[in-house]
Amino acid sequence: MLDIAEAEFAEHGFEDASFNGIIARAGISKGSMYYRFRDKADLFAAVLARAAGVLATVVGPWQPAAHAAGYREQLSAVVLRVFAVVAHDPTMAQVVRVVARIPDALVRLTPEQQETALAWTTAVLTDGQRVGAVRSDLPVAFLASAALGLGQGMDRYMLQQLEHTDPEQLMALLAGSIDIFLRALAPP
């Protein structure tokens, strides 16, 4: 069912995707669909959760860095791996293009996903502080919140650029976003 919903959202966008069309293509009753999903937004959230799970696997666990340069290299590699999946996996690219065109209110992480993202970010920043790549004059919880907000803003912009920016320009934007991110967290 999620494959069918993903295809419908990718083909028509969120607004024009038909909840009834998804039900018909899945070959299930409306009652069965409403038993699993409250509405189209709830179904879309499930599609996004699946995509987020794929990206979380790509990101993987953080490996402690040996030094500040290694930390910056590893963080850059994580961002590049995620971007490569989005840029080269047609299904993932379609899902993120839909995300880029809809209001922020519809793109919501589950509390579990939020907790996972915060824990991963906190571990990454704590490791960065350990090797001197991340400022330690501010609480790591504050830095994690700021980093997640900055990352979300950058992600939104990059997603909006996917459809009409050539790959070379996208790579320049990506390199710039990594640089901004690292500079924002660097020790004063």
Side-chain angles (χ1 to χ4, degrees), residues 6 45-100 104 107-188:
E6 187 176 82
V47 169
L48 290 182
R50 184 169 72 168
V54 169
L55 293 178
T57 300
V58 169
V59 167
W62 182 260
Q63 302 301 318
H67 45 73
Y71 174 86
R72 289 187 290 273
E73 288 170 14
Q74 185 179 178
L75 193 57
S76 295
V78 166
V79 172
L80 291 170
R81 281 195 314 266
V82 169
F83 184 75
V85 168
V86 172
H88 297 101
D89 178 333
T91 302
M92 186 65 72
Q94 287 289 49
V95 170
V96 298
R97 284 184 179 109
V98 171
V99 170
D104 287 343
V107 182
R108 55 185 189 265
L109 296 176
T110 66
E112 191 175 87
Q113 290 168 324
Q114 291 173 1
E115 187 177 310
T116 299
L118 182 60
W120 188 88
T121 304
T122 299
V124 169
L125 294 174
T126 300
D127 189 48
Q129 287 177 328
R130 181 184 60 76
V131 296
V134 172
R135 61 189 308 153
S136 57
D137 60 328
L138 296 170
V140 74
F142 171 77
L143 293 174
S145 180
L148 286 170
L150 179 60
Q152 184 179 27
M154 289 177 168
D155 289 348
R156 165 92 36 211
Y157 183 81
M158 289 296 291
L159 292 175
Q160 291 169 345
Q161 304 312 304
L162 275 178
E163 291 186 61
H164 61 281
T165 305
D166 71 63
E168 189 174 308
Q169 289 175 312
L170 280 175
M171 289 308 292
L173 278 172
L174 189 60
S177 70
I178 293 169
D179 182 61
I180 288 170
F181 195 83
L182 289 170
R183 287 176 187 261
L185 296 171

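Hydrogens, waters and symmetry mates are skipped; everything else that's a heavy atom, side chains included, is used.
- The backbone N or O of L125 lies less than 3.5 Å from no partner atom in the side chain of W62, so there is not a single donor-acceptor pair.
- The two residues L118 and A144 have their closest heavy-atom pair at CD1-CB, 3.8 Å.
- Checking side-chain atoms of T57 against main-chain N and O of G53 turns up a donor-acceptor pair under 3.5 Å.
- Remark: the backbone N or O of L174 is paired with a side-chain donor or acceptor of S177 at under 3.5 angstrom.
- For R130, the salt bridge (Lys or Arg N to Asp or Glu O under 4.0 Å) criterion is met by D127, not counting sequence neighbours.
- The main-chain N or O of V140 is never found under 3.5 Å from a side-chain atom of Q129 such that the two would form a donor-acceptor pair.
- Using a distance-only test at 3.5 Å, with no hydrogens or angles considered, no donor-acceptor pair links the side chain of Y71 to the main chain of G132.
- Considering all non-hydrogen atoms of both residues, V59 and R81 come closest at O-NH2, 2.9 Å.
- Residues S76 and Q74 have side chains not in contact (no heavy-atom distance under 4.5 Å, counting atoms from C-beta outward).
- Although no hydrogens or angles enter the test, the distance criterion places no donor-acceptor pair under 3.5 Å between the side chain of R72 and the main chain of A133.
- Scanning all heavy atoms of the two residues, the minimum distance from M171 to F83 falls at SD-CE2, 3.7 Å.
- In this structure, S145 OG and L150 CG are separated by 11.0 Å, a value rounded to the nearest 0.5 Å.
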Show your working on side chain to side chain contact (heavy atoms under 4.5 Å, CB included) between Q169 and Q161 and close with a plain yes or no.
CA-CA 9 Å; Q169 289 175 312; Q161 304 312 304; over 6 Å; no
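- Qualifying salt bridge (Lys or Arg N to Asp or Glu O under 4.0 Å) partners for D137, counting only residues two or more places apart in sequence or in other chains: R135.
- Annotation: the span from T121 atom OG1 to L148 atom CG amounts to 4.0 Å, rounded to 0.5 Å.
- Around CD of E115, the count of heavy atoms belonging to other residues, nucleotides or ligands within 6.0 Å does not exceed 12.
- Here the straight-line distance linking atom CD1 of I180 with atom CG of L185 works out to 12.0 Å at 0.5 Å rounding.
- Minimum heavy-atom separation, L173 to M158: CB-SD, 3.6 Å.
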